There are 2 protein chains.
Amino acid sequence: MDKQTVTIYDVAREADVSMATVSRVVNGNPNVKPATRKKVLDVIERLDYRPNAVARGLASKKTTTVGVIIPDVTNVYFSALARGIDDIAMMYKYNIILTNSDENGRKEVQVLNTLMAKQVDGIVFMGNDISDEVRKEFERSKTPIVLAGCVDDQDQMPSVNIDYTAAVEEATKNLIDHGNERVAFVSGSLDYPINRDYRLKGYKQALKKAGVRYDDKLVFETDYSYKAGQLLQPALQSVNATAAVIGDDELAAGVMNGITDAGMSVPDDFEIITSNDTKLTEMVRPKMSSITQPLYDIGAVAMRLLTKLMNNEPVDNKTVLLPYGLMKRASTH
Amino acid sequence: MDKQTVTIYDVAREADVSMATVSRVVNGNPNVKPATRKKVLDVIERLDYRPNAVARGLASKKTTTVGVIIPDVTNVYFSALARGIDDIAMMYKYNIILTNSDENGRKEVQVLNTLMAKQVDGIVFMGNDISDEVRKEFERSKTPIVLAGCVDDQDQMPSVNIDYTAAVEEATKNLIDHGNERVAFVSGSLDYPINRDYRLKGYKQALKKAGVRYDDKLVFETDYSYKAGQLLQPALQSVNATAAVIGDDELAAGVMNGITDAGMSVPDDFEIITSNDTKLTEMVRPKMSSITQPLYDIGAVAMRLLTKLMNNEPVDNKTVLLPYGLMKRASTH
DNA sequence: AATCAAATTGAAAACGTTTTCAATTTGATA
DNA sequence: TATCAAATTGAAAACGTTTTCAATTTGATT
């Protein structure tokens with residue numbers, strides 16, 4: 001305990017007031033006489049007193065930190081959400097404790113517990129799935145939790161998303177309207193509700209409305225990587241697919257480059273609509289058409305929703321659907 | 001204060017031991033009889049006691065959190081560093097408080113102070129520059145700080161980088177060896193030491209060694225954005241540049257697409273070497289040649305260096321240079 | 001059984017701030 | 001001047017854990 005640290009006790013003694021008064025000044029409590037306030041502020045400046053936020057957290061039971069669970073911060077989709085979360089967090093004077101989960105359920109439970117131990121005021125959870133173990137931790141938690149870019153098929157949790165079903169339906173319809181009779185659906189794991197129950201559902205609805213028979217050979221399940229996308233060209237060709245709705249931009253870039261590297265032409269031989277409208281859609285050639293998701297806004301709105309929950313503010317709607325669109329670029333006609 | 005929270009006092013009472021003994025058990029202190037330890041652990045499990053890490057942080061003066069200051073988490077370069085930092089942090093049982101700084105000096109000072117108030121055990125700083133105000137905060141800090149992907153031209157701070165000078169020299173030499181007589185240097189702000197004193201220096205050294213006259217019209221200063229890169233094609237053409245070393249992958253993708261969209265051919269008409277070897281270099285067409293930086297490793301080694309500093313472990317070398325290379329892809333001959 | 005050293009345990013202070021409620025001060029009114 | 005209500009202030013407890021050092025226990029030896 002080196003006495004170079006200035007504590008509230010030092011300030012109180014120098015200002016000849018109690019610690020309670022110093023605390024009131026520091027925290028902007030109005031019940032302090034102006035002259036007293038000035039005296040204390042002068043001492044604070046002279047001693048360069050910096051309040052210890054950990055002590056404050058213990059005493060006040062608010063740490064002004066929020067936990068953010070992210071599958072992988074290097075993923076362009078999730079990093080955009082994280083940016084929205086952090087910007088709004090800082091606006092409301094919170095800091096984020098960021099943890100990569102790798103969509104590993106065991107790791108998710110572990111980091112959830114660590115964050116709870118660190119008494120975070122709230123948690124934003126990103127991921128493709130909510131395992132039973134994770135859901136159990138959610139249920140026992142007194143700390144507010146908001147999902148961002150993650151659906152809760154049991155609809156128990158506050159969440160911010162787009163209407164993935166409608167968005168994929170519209171994208172699929174667009175490809176069908178272009179005359180494509182063999183539209184593929186390229187997706188991450190169909191174990192994930194977001195893919196199986198929301199996005200694939202939109203795909204099927206578009207087919208049905210267009211009177212196109214559903215063929216499960218046109219549904220491809222893979223991981224969300226560029227490499228996996230590149231390897232899909234032969235399989236897509238073998239089922240005579242002429243277009244695809246693809247669930248991730250890096251995956252889509254892989255599919256597209258696999259196709260063009262094989263000598264086929266996009267969009268003439270094969271049309272592509274991807275899903276996240278990250279900056280990657282503009283960088284590849286041809287530029288990729290995409291469902292537009294306001295990624296930054298999903299993060300920002302999730303964090304704002306969380307600040308309301310943390311502060312017991314009234315919340316109209318715990319399930320927020322943000323607008324989506326369809327941005328046509330050069331990967332479609 | 002709702003009594004549903006189980007505290008160390010509850011465990012001590014149930015196990016009929018003192019709080020000190022419970023603390024010893026929880027923290028693995030060997031000075032506990034096996035029978036006592038078992039008794040305590042049984043109670044901990046029965047009551048589902050979860051230690052409060054904030055209280056522990058206050059009492060022990062270690063919070064097991066580290067601050068990470070990042071210019072922009074959506075930037076592919078920095079997010080890869082962040083990934084390395086987090087993985088090693090978790091390995092050593094730390095969590096990262098992540099803050100976006102936008103390379104804004106005022107904001108950097110602000111977040112530094114916030115992190116200090118939150119008693120982080122250490123800080124990893126990423127950015128292109130260390131402003132005087134930031135440096136002053138560094139100097140007064142008793143908390144260890146490590147730079148990652150950020151050079152300290154005053155060489156006061158522990159840091160992890162590659163030899164940017166040698167790397168750019170080699171890339172420039174490569175382009176000169178291809179017969180290019182007009183090699184451009186496309187960079188972020190030359191106010192930043194990393195660009196002015198390290199990378200531009202390498203560029204100049206390569207020219208000098210090749211007996212090529214330095215022409216400042218071939219030096220382009222811009223921001224690190226795809227959009228800025230796209231707009232550079234006319235300027236590059238007007239100085240008859242036939243090749244460029246470019247300081248950021250997104251910027252390089254913009255330059256390259258600007259050139260190919262204008263009808264020129266890469267590498268036949270214009271060769272490009274970029275600097276970060278992110279996955280973007282594989283996604284664009286043609287694939288981009290790049291200086292290879294082990295981004296993940298820069299982050300990982302920085303975090304490891306920080307754990308040593310935090311634990312007062314011996315450190316051989318506070319300035320770590322990791323290996324770089326030159327990956328030739330299709331944007332060069 | 002007595003002695004001694006090592007191991008174990010406990011009481012209470014420490015960590016630095018916030019909160020609570022009683023005590024005191026202040027200002028307005030009659 | 002006395003009274004009263006509102007404002008201000010202070011003392012001490014609270015927050016939940018760790019640490020320190022004295023007290024106690026244990027085990028080995030004579």
Side-chain angles (χ1 to χ4, degrees), chain A residues 1-41 43-44 47-65 114 116-121 142, chain B residues 1-41 43-44 47-65 114 116-121 142:
Chain A
M1 203 223 64
D2 78 24
K3 199 51 209 138
Q4 287 179 46
T5 300
V6 179
T7 68
I8 203 167
Y9 179 69
D10 302 308
V11 176
R13 189 178 52 212
E14 285 277 344
D16 196 32
V17 297
S18 72
M19 294 189 290
T21 299
V22 177
S23 187
R24 287 188 192 99
V25 171
V26 166
N27 292 297
N29 188 314
N31 291 333
V32 184
K33 277 196 314 203
T36 308
R37 184 183 303 275
K38 181 181 185 320
K39 182 168 62 167
V40 171
L41 286 170
V43 171
I44 283 169
L47 298 189
D48 194 30
Y49 166 63
R50 289 144 177 270
N52 181 322
V54 171
R56 174 187 283 152
L58 182 60
S60 69
K61 296 180 167 269
K62 292 172 84 68
T63 56
T64 67
T65 55
T114 300
M116 302 290 189
K118 292 193 169 174
Q119 313 291 309
V120 290
D121 295 334
K142 289 187 282 292
Chain B
M1 206 224 66
D2 77 24
K3 199 51 209 134
Q4 288 178 46
T5 300
V6 179
T7 68
I8 203 168
Y9 180 70
D10 302 308
V11 176
R13 189 177 49 212
E14 284 278 342
D16 197 31
V17 296
S18 73
M19 293 189 291
T21 297
V22 177
S23 186
R24 289 192 188 95
V25 170
V26 166
N27 293 295
N29 188 316
N31 291 331
V32 184
K33 279 192 326 203
T36 308
R37 184 183 304 273
K38 182 179 184 321
K39 182 168 59 167
V40 172
L41 287 171
V43 172
I44 284 169
L47 298 190
D48 193 32
Y49 166 63
R50 291 148 176 266
N52 182 322
V54 171
R56 173 186 283 153
L58 181 60
S60 70
K61 295 179 167 267
K62 292 174 83 71
T63 57
T64 67
T65 55
T114 300
M116 302 291 190
K118 292 195 166 169
Q119 314 290 310
V120 290
D121 296 331
K142 290 186 282 293

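Just so we're on the same page: letters track the sequence lines, and every chain starts at 1. Note that the coordinates shown come from a computational prediction; the quantities given were computed from them, not determined experimentally.
- Summarising the geometry, the separation between CD1 on I8(A) and P on dA14(C) is reported as 17 Å, rounded to the nearest angstrom.
- Side-chain atoms of K118(B) and T63(B), non-hydrogen and from C-beta on, never get closer than 4.5 Å to each other.
- With dT9(D), dT19(C), dT9(C) as the candidates, the nucleotide lying closest to the side chain of T36(B) is dT9(C).
- Among the heavy atoms of the strands lying under 4.0 Å from V32(B) are primed sugar atoms or P, OP1, OP2 only; no base atom is included.
- Regarding contacts with the backbone of dT18(C), a side-chain N or O of S23(A) is found under 4.0 angstrom from either OP1 or OP2.
- In the set dG16(C), dT17(D), dT9(D), dG16(C) carries the atom at the smallest distance from any side-chain atom of L58(A).
- Nearest to the side chain of Y49(A), among dT19(D), dG10(D), dT17(C), sits dT17(C).
- In DNA chain C, runs of at least 3 stacked Watson-Crick or G-U pairs (N1-N3 plus N6-O4 or O6-N4, or N1-O2 plus O6-N3, all under 3.5 Å) give these stems: C:1-30 with D:1-30.
- The salt bridge (charged side-chain N to carboxylate O under 4.0 Å, His left out) contacts involving residues 24-39 of chain B comprise K38(B)-D42(B), where partners must be two or more places apart or lie in separate chains.
- Following rounding to the nearest Å, D16(B) (CG) and dG10(C) (C1') show an atom-to-atom distance of 12 Å.
- In this structure, S18(A) reaches the dG10(D) phosphate: one of its side-chain N or O atoms is under 4.0 Å from OP1 or OP2.
- Considering only heavy atoms from C-beta on, S23(A) stays 4.5 Å or farther from V26(A) through its side chain.
- At whole-Å resolution of the value, NZ in K118(B) and P in dT17(C) are 15 Å apart.
- Not one side-chain nitrogen or oxygen of T7(B) sits closer than 4.0 Å to the OP1 or OP2 atom of dG16(D).
- Close to dT9(C), at under 4.0 Å from its OP1 or OP2, lies no side-chain N or O of N31(B).
- In the displayed structure, D16(A) atom CG is contacted under 6.0 Å by at most 12 heavy atoms of other residues, nucleotides or ligands.
- Computed from coordinates, the M19(A) CE to dA11(D) P distance equals 9 Å when rounded to whole Å.
- Distances from the side chain of R56(A) to the nucleotides dT18(C), dT26(C), dG16(D) place dT18(C) closest.
- To the nearest angstrom, P of dT17(D) lies 19 Å from NZ of K62(B).
- No side-chain heavy atom of V25(A) sits under 4.5 Å from any side-chain heavy atom of V22(A).
- On a pure distance criterion of 3.5 Å, a polar donor-acceptor pair joins the side chain of R24(A) and the base of dG10(D).
- One interatomic measurement links the two molecules: CG of N29(B) to C1' of dT18(D), which rounds to 11 Å at whole-angstrom precision.
- When rounded to the nearest whole Å, the span between NZ of K61(A) and P of dG16(D) equals 4 Å.
- Residues N27(B) and R56(B) are in side-chain contact: their nearest non-hydrogen atoms beyond the backbone lie under 4.5 Å apart.
- Residue V17(A) is classed as a sugar-phosphate contact, given heavy-atom separations below 4.0 Å to backbone atoms only.
- For K33(A), the listed nucleotide lying nearest its side chain is dT8(D); candidates were dT8(D), dT18(C), dT17(C).
- Taking each heavy atom of P51(A) and A117(B) in turn, the nearest pair found is O-CB, 3.8 Å.
- Heavy-atom minimum distance, L58(A) versus L58(B): CD2-CD2, 3.5 Å.
- Here P34(A) lies out of heavy-atom contact (under 4.0 Å) with every strand.
- Ranking dG16(C), dG16(D), dA11(D) by closeness to the N52(A) side chain, first place goes to dG16(C).
- Between the C1' atom of dT9(C) and the CZ atom of R13(B) lies a distance of 19 Å, rounded to the nearest Å.
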